[in-house]
There are 2 protein chains.
Amino acid sequence: MPARIAKPNARSKLLDAALSMIRAKGYCATTVDELCAAAGVTKGAFFHHFRNKDELGVAAAGHWSEMTGALFAAAPYHNHADPLDRVLGYVAFRKALLHGGVPDFTCLVGTMVQETYETAPAIRDACDRSISTHARTLEADIGAAMRDRDMSADWTPETLALHIQAVLQGAFILAKAKGGAQVAADSLDHLSRYLTLLFGAGGATPNP
Amino acid sequence: MPARIAKPNARSKLLDAALSMIRAKGYCATTVDELCAAAGVTKGAFFHHFRNKDELGVAAAGHWSEMTGALFAAAPYHNHADPLDRVLGYVAFRKALLHGGVPDFTCLVGTMVQETYETAPAIRDACDRSISTHARTLEADIGAAMRDRDMSADWTPETLALHIQAVLQGAFILAKAKGGAQVAADSLDHLSRYLTLLFGAGGATPNP
DNA sequence: GATCACATACCGACCAGTTGGTATTGTTGA
DNA sequence: TCAACAATACCAACTGGTCGGTATGTGATC
């Protein structure tokens with residue numbers, strides 16, 4: 001299949017509008033009518049592209065994964081030679097993204113899964129896929145950093161990658177509660193400190 | 001004021017029902033009708049005790065703070081002599097609470113604030129108060145642990161206490177996405193490891 | 001001329017909130 | 001002690017508006 005070029009058709013307009021609206025108001029409070037109005041399309045167009053609202057939720061999670069996947073794939077932290085620096089660079093990159101309004105830097109799928117994990121399994125699965133796939137992009141670097149240091153640990157690259165995601169998601173919640181990014185940035189600083197201690201305090205320095 | 005004995009009146013029945021229902025389905029998807037049915041009261045009773053649905057949200061956050069406040073105040077981790085052990089004991093206590101279904105161990109206010117932070121400032125403030133007040137119960141022990149070790153840090157007890165809350169909230173999100181508590185427990189293990197490294201790797205042992 | 005990509009108009013269900021009432025509890029003063 | 005009154009607690013039925021979803025129409029494109 002050739003990559004579908006993103007014409008500004010009704011579907012992609014709806015998905016783009018969904019990303020910001022759901023992040024701001026949540027999934028349930030985002031009504032189909034409002035979404036259509038924001039996207040500048042009619043309700044008929046909505047139900048032409050999505051069988052129901054839940055299907056939009058699933059598609060929005062997929063769209064989110066595509067957008068963020070491209071963003072992180074192109075980010076400069078991959079250029080570090082030391083894999084630990086790449087992991088730390090990832091966290092620094094996430095911290096650098098913490099600007100603008102709270103709805104602008106928070107995570108769509110983290111927001112959506114809270115509302116739907118019990119009531120809409122398809123959306124929950126889509127959110128899980130988004131988070132887990134993204135976390136998996138960190139595992140190779142974490143594993144390499146462990147091997148560089150001959151670390152034997154009672155944790156795995158997978159659990160650390162997911163822990164990093166947990167800190168990010170939790171930082172977003174606190175940012176929403178406090179109405180600003182500062183508390184999230186502070187939390188990411190603690191996360192960086194953890195990673196530094198974890199890989200540095202083992203005693204061994206990275207192999208040359 | 002004497003402590004108001006919790007007679008099973010309509011108000012407290014509604015609040016109790018709200019805690020579990022909002023945790024399971026979210027704030028928006030929890031309808032007043034359903035809530036009344038679950039609480040076994042009529043809609044008239046609801047609007048007698050709460051001017052509108054948002055006022056219930058605020059009251060639910062307050063009710064949540066009271067319930068959890070009592071739970072943590074009575075928890076055994078306060079008995080440790082070393083303040084660091086009390087902080088680690090807190091995390092272990094949180095980990096021990098991770099059983100039963102996902103809606104049973106997740107946090108009401110963390111769920112609610114995601115949906116309401118932009119649309120219902122009163123609820124957002126109530127959720128912030130709940131989280132921040134709870135975090136503050138850790139600050140004294142964190143500060144004491146720092147003093148014991150003559151630590152000079154570029155972070156404060158407040159940011160670490162909030163970071164602990166962020167990890168918890170994020171762990172809940174991952175648990176919802178994955179449909180189980182294991183991922184949350186793993187994240188709390190990383191948090192414990194961070195605290196141990198942070199206070200242990202400074203070099204100094206606690207003062208006798 | 002058939003399909004696609006939308007638009008218009010509409011529907012029944014359900015939503016938060018209201019109304020107008022009754023039962024229960026508390027207060028007060030003779 | 002208790003009648004008279006007042007406030008509280010609760011109930012059943014209803015309402016206007018909004019919700020997700022549908023039925024049908026229409027112009028462009030293959």
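When reading the values below, keep in mind they use all heavy atoms of this one structure, side chains included, and skip hydrogens, waters and symmetry mates. Protein chains get the first letters and strands the later ones, always in sequence-line order, with residue 1 at the start of each. If you're wondering where the values come from, they're calculated on a predicted model, not measured in any experiment.
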Out of D:dG20, C:dC6, D:dC10, minimum distance to the side chain of B:A10 belongs to D:dC10
Among the nucleotides D:dG21, C:dA16, D:dC11, whichever has the atom closest to the side chain of B:A45 is D:dC11
Per atom distances to the A:V41 side chain, the nearest of C:dA7, D:dC11, C:dG17 is C:dA7
Looking only at C:dC6, D:dT8, C:dG17, the nucleotide nearest the A:H49 side chain is C:dC6
Assign each of A:E34 and B:G40 the nucleotide of DNA chain D bearing its closest heavy atom; nearer the 5' end lies the nucleotide of B:G40
Worksheet item: Counting only N and O atoms by type, is there a donor-acceptor contact under 3.5 Å from the side chain of B:R23 to the main-chain atoms of B:C107?
Response: no
For this session: Determine whether any donor atom in the side chain of A:K43 lies under 3.5 Å from an acceptor atom in the base of C:dA7, or the reverse, and answer yes or no.
Result: no
The complete set of side-chain hydrogen bond (donor to acceptor under 3.5 Å, both in side chains) pairs with one or both residues in residues 53-76 of chain A, sequence neighbours excluded, reads A:D16-A:H63, A:Y27-A:D54, A:R51-A:E55, A:S65-A:S130
Those residues at least two apart in sequence (or on a different chain) that pass disulfide bond (SG atoms under 2.5 Å apart) with A:C28 are B:C28
Here the salt bridge (Lys or Arg N to Asp or Glu O under 4.0 Å) pairs for residues 162-184 of chain A, sequence neighbours left out, are A:K178-B:D128
The salt bridge (Lys or Arg N to Asp or Glu O under 4.0 Å) partners of A:D85 (sequence neighbours excluded) come to none
When rounded to whole Å, the CZ to P distance for the pair A:F47 and C:dT8 reads 16 Å
Residues 30-51 of chain A vs ring-ring contact (aromatic ring centres under 6.0 Å, His included), sequence neighbours excluded, gives A:F46-A:F50
Next item on the list: Name the nucleic acid region contacted by A:T31, choosing base, sugar-phosphate or nothing; use a 4.0 angstrom heavy-atom cut-off, strictly under.
Entry: sugar-phosphate
The complete set of salt bridge (Lys or Arg N to Asp or Glu O under 4.0 Å) pairs with one or both residues in residues 92-114 of chain B, sequence neighbours excluded, reads B:K95-B:D189
| Parallel, tilted or perpendicular for A:H134 and A:F72, by the 30°/60° rule? | tilted
In numerical order, the residues of residues 54-62 of chain B whose heavy atoms come under 4.0 Å of DNA chain D are none
Side-chain contact check for B:H48: nearest option of C:dG17, C:dC6, D:dT8 is D:dT8
B:D33 meets the salt bridge (Lys or Arg N to Asp or Glu O under 4.0 Å) criterion, sequence neighbours left out, with B:K43
To the nearest angstrom, the CG-P distance between B:D33 and C:dT18 comes to 14 Å
Self-check item: Donor-acceptor contact present, side-chain B:R86 to main-chain B:N79, <3.5 Å
Solution: no
note: B:K13, atom NZ; D:dA9, atom C1'; distance rounded to Å ~ 12 Å
Atom CG of A:N52 and atom P of D:dG21 are separated, to the nearest Å, by 5 Å
Note: contacts of residues 113-127 of chain A with DNA chain C (heavy atom, under 4.0 Å) are none
Distances under 3.5 Å only, N/O to N/O: pair up the protein atoms with those of nucleotides 23-27 of chain D.
none

Across all chains, not counting sequence neighbours, the side chain to side chain contact (heavy atoms under 4.5 Å, CB included) partners of B:A75 are B:Y77, B:F93
Sorted by chain and number, sequence neighbours left out, salt bridge (Lys or Arg N to Asp or Glu O under 4.0 Å) with B:D125 holds for none
Rounded to whole Å, the CZ-C1' distance (A:F50 to D:dT22) equals 18 Å
